[in-house]
There are 2 protein chains.
Amino acid sequence: MLILLPASLDAQLQRDSGISHFEYAVMSALSEAPQRTRCMSELADLANGSLSRLSHVVKRLERRGWVRREPRPEDGRYTNAILTGEGWDKVVESAPGHVEAVREMVFDVLSEEEVEQLRRIGQRIHLRLSPHGMMAQRHGQD
Amino acid sequence: MLILLPASLDAQLQRDSGISHFEYAVMSALSEAPQRTRCMSELADLANGSLSRLSHVVKRLERRGWVRREPRPEDGRYTNAILTGEGWDKVVESAPGHVEAVREMVFDVLSEEEVEQLRRIGQRIHLRLSPHGMMAQRHGQD
DNA sequence: CGATGTCACTTGAAGTGTCAAGCTAAGTAG
DNA sequence: CTACTTAGCTTGACACTTCAAGTGACATCG
């Protein structure tokens with residue numbers, strides 16, 4: 001399940017929208033940000049990827065006209081990635097299909113009770129894996 | 001969680017044993033087979049990968065001395081992949097660390113009850129995603 | 001003011017995955 | 001026996017990820 005589910009979700013996005021799940025995550029994170037803008041390192045964290053990977057991907061998204069980059073005015077070390085109008089349209093066009101796929105693959109086959117159980121289980125495992133979760137480990141509490 | 005867990009498991013294997021999760025799955029599937037032997041297409045299914053990907057990976061495993069290939073005697077279209085002695089040792093050496101990682105990341109943070117819930121939930125989603133699961137769905141095409 | 005350090009990011013090369021095309025062995029029809 | 005089809009697998013080109021090294025902007029210290 002841990003292999004098939006991510007692969008299936010990736011495949012749906014690739015098939016229906018021509019983008020990878022990572023690209024979707026990046027554009028989606030931008031679409032929810034104030035000014036549709038975030039700096040690269042923040043974006044890398046949100047999309048769960050390395051800065052290097054993000055840099056390559058944003059270069060491709062820029063080439064496709066969905067994102068543009070500019071240095072942050074008050075500190076030139078930061079690079080702001082900004083979702084363009086076309087990028088916004090792309091997210092709006094891709095999102096419903098992706099959400100529907102998640103519903104079909106996951107929520108449709110579970111009862112309401114199971115959804116709640118999965119939420120708790122996922123939360124615990126996620127907490128254990130996130131950097132913060134490692135801290136809490138010794139004190140055995142969440 | 002769906003992003004972090006596979007990534008963390010991959011990272012553990014890469015760090016401690018120098019192999020990818022897919023390579024581990026391939027060698028593990030061979031180690032459990034009669035004669036430590038399976039044909040390529042069967043192996044691709046078991047490891048949840050394409051035949052092409054498997055072919056490339058087995059070529060690399062062969063170069064590292066962990067697997068060898070030979071045509072099946074009674075039907076030359078099939079290629080048998082066979083785990084070597086060294087390959088067996090590699091699996092035996094890698095398995096405990098990987099099993100322990102899964103335990104730490106998943107089972108340690110869940111109660112017995114939650115483990116049982118996760119088993120049921122995983123089974124349902126897996127069934128929905130596997131080719132057979134699509135059939136079982138009430139004739140709904142997508 | 002210049003040297004040094006750090007931070008945020010980019011780049012190029014090497015490795016890996018994917019896709020389409022090709023190869024060989026076995027089966028089938030005339 | 002020849003021609004065609006199918007099954008199982010391999011290959012090569014291209015795209016993506018990763019890793020190590022590099023760049024430029026700002027901060028600090030003498």
Side-chain angles (χ1 to χ4, degrees), chain A residues 3-4 6-15 17-27 29-30 37-64 66-82, chain B residues 3-4 6-15 17-27 29-30 37-64 66-82:
Chain A
I3 306 291
L4 291 182
S8 302
L9 292 174
D10 249 334
Q12 178 274 325
L13 276 169
Q14 197 67 60
R15 188 167 26 77
S17 307
I19 58 179
S20 68
H21 183 97
F22 186 70
E23 290 171 327
Y24 177 81
V26 167
M27 295 208 288
L30 282 179
T37 297
R38 281 189 197 284
C39 73
M40 295 294 280
S41 39
E42 201 182 357
L43 205 48
D45 276 357
L46 286 171
N48 288 298
S50 69
L51 194 50
S52 171
R53 181 183 184 186
L54 181 71
S55 180
H56 285 295
V57 166
V58 169
K59 194 195 299 174
R60 294 193 291 265
L61 294 178
E62 208 167 15
R63 213 183 302 138
R64 298 217 248 173
W66 293 329
V67 171
R68 63 191 170 80
R69 276 182 290 192
E70 51 191 43
R72 182 187 288 185
E74 70 272 25
D75 185 341
R77 285 172 298 188
Y78 290 79
T79 301
N80 282 334
I82 304 156
Chain B
I3 306 291
L4 291 181
S8 303
L9 292 173
D10 250 334
Q12 178 273 325
L13 276 169
Q14 199 67 59
R15 187 165 26 78
S17 307
I19 58 179
S20 69
H21 186 243
F22 187 71
E23 290 172 327
Y24 178 81
V26 167
M27 296 209 288
L30 282 178
T37 297
R38 281 188 197 284
C39 72
M40 295 294 280
S41 39
E42 200 181 357
L43 205 48
D45 276 357
L46 285 170
N48 289 297
S50 69
L51 195 49
S52 171
R53 180 182 184 186
L54 182 71
S55 181
H56 285 295
V57 166
V58 168
K59 194 196 295 174
R60 293 194 290 264
L61 293 177
E62 207 168 15
R63 214 184 300 139
R64 299 217 248 172
W66 293 329
V67 171
R68 63 193 170 76
R69 276 183 289 195
E70 52 192 40
R72 184 188 286 186
E74 70 272 25
D75 186 339
R77 285 173 299 188
Y78 290 80
T79 301
N80 282 333
I82 304 156

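Below, chain A is the first sequence line, B the second, and so on; all start at residue 1.
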Undergrad: How many angstroms lie between CZ in Arg38(B) and OG1 in Thr79(B), if you round to the nearest 0.5 Å?
TA: 15.5 Å

Undergrad: Nearest whole angstrom, please: distance from the P of dT16(C) to the CD of Gln14(B).
TA: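 Going from CD in Gln14(B) over to P in dT16(C) covers 8 Å.
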
Undergrad: Quick one: closest heavy-atom pair of Ala81(B) and Met40(B), and the distance?
TA: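 Distance-wise, the nearest heavy atoms are CB-SD, 4.2 Å.
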
Undergrad: Whole angstrom is fine here: how far is it from CE in Met40(B) over to P in dA25(C)?
TA: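 From Met40(B) CE to dA25(C) P: 17 Å.
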
Undergrad: Rounded to the nearest Å, what distance is computed from the CZ atom of residue Arg53(B) to the P atom of nucleotide dT16(C)?
TA: 11 Å

Undergrad: Measure the CG-CG distance between Leu43(A) and Asn80(A) for me, rounded to the nearest 0.5 Å.
TA: 10.5 Å

Undergrad: Please give, in whole Å, the distance from dG27(C) P to Asp75(B) CG?
TA: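 Those two atoms, CG and P, are 6 Å apart.
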
Undergrad: With a non-hydrogen cut-off below 4.0 angstrom, is Ser52(A) in contact with a base, only sugar-phosphate, or nothing?
TA: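 The answer is base, as Ser52(A) lies within the cut-off (heavy atoms under 4.0 Å) of a base atom.
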
Undergrad: Closest-nucleotide mapping onto DNA chain D: is Gly76(A) or Asn80(B) further toward the 5' terminus? I mean the 5' end.
TA: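 First, find each residue's nearest nucleotide; the 5'-ward one identifies Asn80(B).
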
Undergrad: Roughly, in whole Å, what's the span from CD1 in Ile19(B) to C1' in dG15(C)?
TA: 17 Å

Undergrad: Using the closest heavy atom to pick a nucleotide of DNA chain C for each, name whichever of Glu42(A) or Pro73(B) lands nearer the 5' end.
TA: Glu42(A)

Undergrad: Mind checking Ser55(A) for me? I need base, sugar-phosphate or nothing, with any heavy atom below 4.0 Å counting as a touch.
TA: base

Undergrad: With a 4.5 Å limit on heavy-atom distance, are the side chains of Arg63(B) and Arg60(B) in contact?
TA: yes

Undergrad: Could you give the NE2-to-C1' distance, from His56(A) to dT11(C), as a whole number of Å?
TA: 7 Å

Undergrad: Reading DNA chain D from 5' onward, which residue's closest nucleotide shows up sooner: Arg60(A) or Arg77(A)?
TA: Arg60(A)

Undergrad: Nearest 0.5 Å please: distance from the CE atom of Met27(B) over to the CD1 atom of Ile19(B).
TA: 4.5 Å

Undergrad: Quick one: pull up CZ in Arg72(A) and CZ in Arg77(A) and give me the separation to the nearest 0.5 Å.
TA: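 The distance works out to 10.0 Å.
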
Undergrad: Establish, with yes or no, whether the OP1 or OP2 oxygen of dC9(C) is under 4.0 angstrom from a side-chain nitrogen or oxygen of Lys59(A).
TA: no

Undergrad: Classify the nucleic acid contact of Arg72(A) as base, sugar-phosphate or nothing, counting any heavy atom under 4.0 Å across all strands shown.
TA: nothing

Undergrad: Starting from C1' on dG22(C), measure out to CG on Leu51(B) and report it in whole angstrom.
TA: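 In whole Å, dG22(C) C1' lies 14 Å from Leu51(B) CG.
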
Undergrad: Rounded to the nearest Å, what distance is computed from the CG atom of residue Leu54(B) to the C1' atom of nucleotide dC19(C)?
TA: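 Computing the Leu54(B):CG to dC19(C):C1' distance gives 16 Å.
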
Undergrad: Would you grab the first and last nucleotide of DNA chain D (5' to 3') that comes under 4.0 Å of any non-hydrogen atom in chain A?
TA: dC16(D) to dC26(D)

Undergrad: Please confirm whether the backbone N or O of Arg69(B) pairs with a side-chain atom of Glu62(B), one donor and one acceptor, at under 3.5 Å?
TA: yes

